[in-house]
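Have a look at the structure below, then the notes.
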Amino acid sequence: MGLALLGCVGALKELRCLLGLYFGILLLLFAMQITLGILISTQRTRLERRVKDIVMETIQRYHAHPEESAAEESWDYVQFQLRCCGWNSPQDWLSNPSLSSNESEMHRVPCSCYNSSASNDSAIFEKLSFPQFSRRGPLARPRHSTDLCLVPANSAIYSEGCARSIQKWLHNNLISIVGICLGVGLLELSFMTLSIFLCRNLDQVYDRLARYL
C-alpha cells in the first residue's frame, strides 16, 4: 500500500524523485523475487533438509513450552488441512518425551492428527472444533489449541506423513503457483515501464516550459 501510494503521488504531482524511487523499489523487489526463485530451484535439497529439521524440532518440543505456541499451531494447521501426521509418518511423534505413555497399546498425538472420518468418537471430536481447524473458514491465530488426544496405536489417526502430502499439494498446484508468480512479475514490469515513461514525459514537459519562460 505504501509503495502504491508512493507511485500515485509521484504521478499525480509529477515528481520525478518519487517516480524514480518507486521504480527503484519495484526493481529491487523484482530482483529479489528472481534471486529467491533461483535459490529455491538450485538449493532444493538443502531447503527440504532445513524444513525437515525445523519440523522435527517443533515435534520434539511440542507442548514443552505452552507460552511459545506459534510454530506448534502452524504445524497443527498443516496437519489438519493436509490430513497428515508427522513429517515422515506418525511415528515421528514418538520422539517427543512429553507424549510418551506407560500403556504399550496407547500413544499420544496432537488432535490435528486425529482422523475424524475414521471414528465416531464425539469426545475427541469436540476437541477439534476450534476456529483455526475449520477448513472452510479463514486462517486465524486464536487461542493456544495444542490439546493432546489419547488415540489407540495405528488407528483413528492419519497414516501418511506430511512430507509426502506437501509434495502432492505442490505438484497439484504447480501451475497455479507458477501462474501467480509470472502474473506478479509481469505486473511489476508493467509498473516499472509506466514509471519510466512518465519520467521521460515529465522531462519533455519541463523542457517545453523552460523555452517559454
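Note that CG of Leu26 and CD1 of Ile196 are 10.0 Å apart. Values are rounded to the nearest 0.5 Å. One distance of note links CG of Asn96 with CE of Met56; it measures 10.0 Å at 0.5 Å rounding. Of the inter-residue distances, the one linking Ile25 atom CD1 with Leu28 atom CG reads 8.0 Å to the nearest 0.5 angstrom. Between Tyr22 atom OH and Cys8 atom SG the span is 7.5 Å, to the nearest 0.5 Å. Tyr158 contributes atom OH, which lies 10.0 Å from atom OH of Tyr114 (distance to the nearest 0.5 angstrom).
A salt bridge between Lys52 and Glu48 is absent, with no side-chain N of the basic residue lying under 4.0 Å from a carboxylate O of the acidic one.
A single hydrophobic cluster is not seen to contain both Phe30 and Ile180; linkage of ILVMFWY side chains at heavy-atom distances under 4.5 Å, directly or through other members, places them apart. Taking hydrophobic clusters as Ile, Leu, Val, Met, Phe, Trp and Tyr residues chained together by side-chain heavy-atom distances below 4.5 Å, Trp169 shares a cluster with Ile40. Taking hydrophobic clusters as Ile, Leu, Val, Met, Phe, Trp and Tyr residues chained together by side-chain heavy-atom distances below 4.5 Å, Val78 shares a cluster with Ile177. Each of Val184 and Leu3 belongs to its own hydrophobic cluster when Ile, Leu, Val, Met, Phe, Trp and Tyr are linked at side-chain heavy-atom distances under 4.5 angstrom.
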### Task
Output, in order, the C-alpha distance, side-chain angles, deciding distance and verdict of side chain to side chain contact (heavy atoms under 4.5 Å, CB included) for Val55 and Asp92.
CA-CA 10 Å; Val55 172; Asp92 293 336; over 6 Å; no

### Ile166/Val51 under side chain to side chain contact (heavy atoms under 4.5 Å, CB included): CA gap, chis, key distance, verdict
CA-CA 12 Å; Ile166 293 175; Val51 172; 6.0 Å; no

### Task
Evaluate the criterion side chain to side chain contact (heavy atoms under 4.5 Å, CB included) for residue pair Phe197 and Leu19; output intermediate values, then yes/no.
CA-CA 10 Å; Phe197 178 76; Leu19 289 174; over 6 Å; no

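Residues Ile54 and Arg50 are in side-chain contact: their nearest non-hydrogen atoms beyond the backbone lie under 4.5 Å apart. Asp53 has its side chain out of reach of Trp87: every pair of non-hydrogen atoms, C-beta onward, lies at least 4.5 Å apart. Proximity of Tyr62 to Asp76: side-chain heavy atoms (C-beta onward) are separated by under 4.5 Å at one or more points.
In terms of the salt bridge (Lys or Arg N to Asp or Glu O under 4.0 Å) criterion, residue partners of Arg61 (sequence neighbours excluded) are, by chain and number, Glu57. Applying the side chain to side chain donor-acceptor pair (under 3.5 Å) test to Arg164 and every residue at least two apart in sequence or in another chain returns nothing.
Scanning all heavy atoms of the two residues, the minimum distance from Pro90 to Ser159 falls at CD-O, 3.4 Å. Residue Ser165 comes nearest to Cys84 through the heavy atom pair OG-CB, 3.5 Å, listed as atom of the first residue, atom of the second, then distance. Counting all heavy atoms, side chain and backbone alike, Leu18 lies closest to Gly10 at CB-CA, 3.8 Å.
Applying the side chain to side chain donor-acceptor pair (under 3.5 Å) test between Trp75 and each of Glu72, Gln79, Glu73 identifies Gln79 as the sole match.
Under the 2.5 Å cut-off for SG-SG separation, Cys85 and Cys113 qualify: their sulfur atoms lie closer than that.
By the 6.0 Å contact criterion, CD1 on Ile175 is open, its count of non-hydrogen atoms from other residues, nucleotides or ligands being 12 or less.
Annotation: salt bridge (Lys or Arg N to Asp or Glu O under 4.0 Å) contacts involving residues 168-190, sequence neighbours excluded, comprise Glu160-Lys168.
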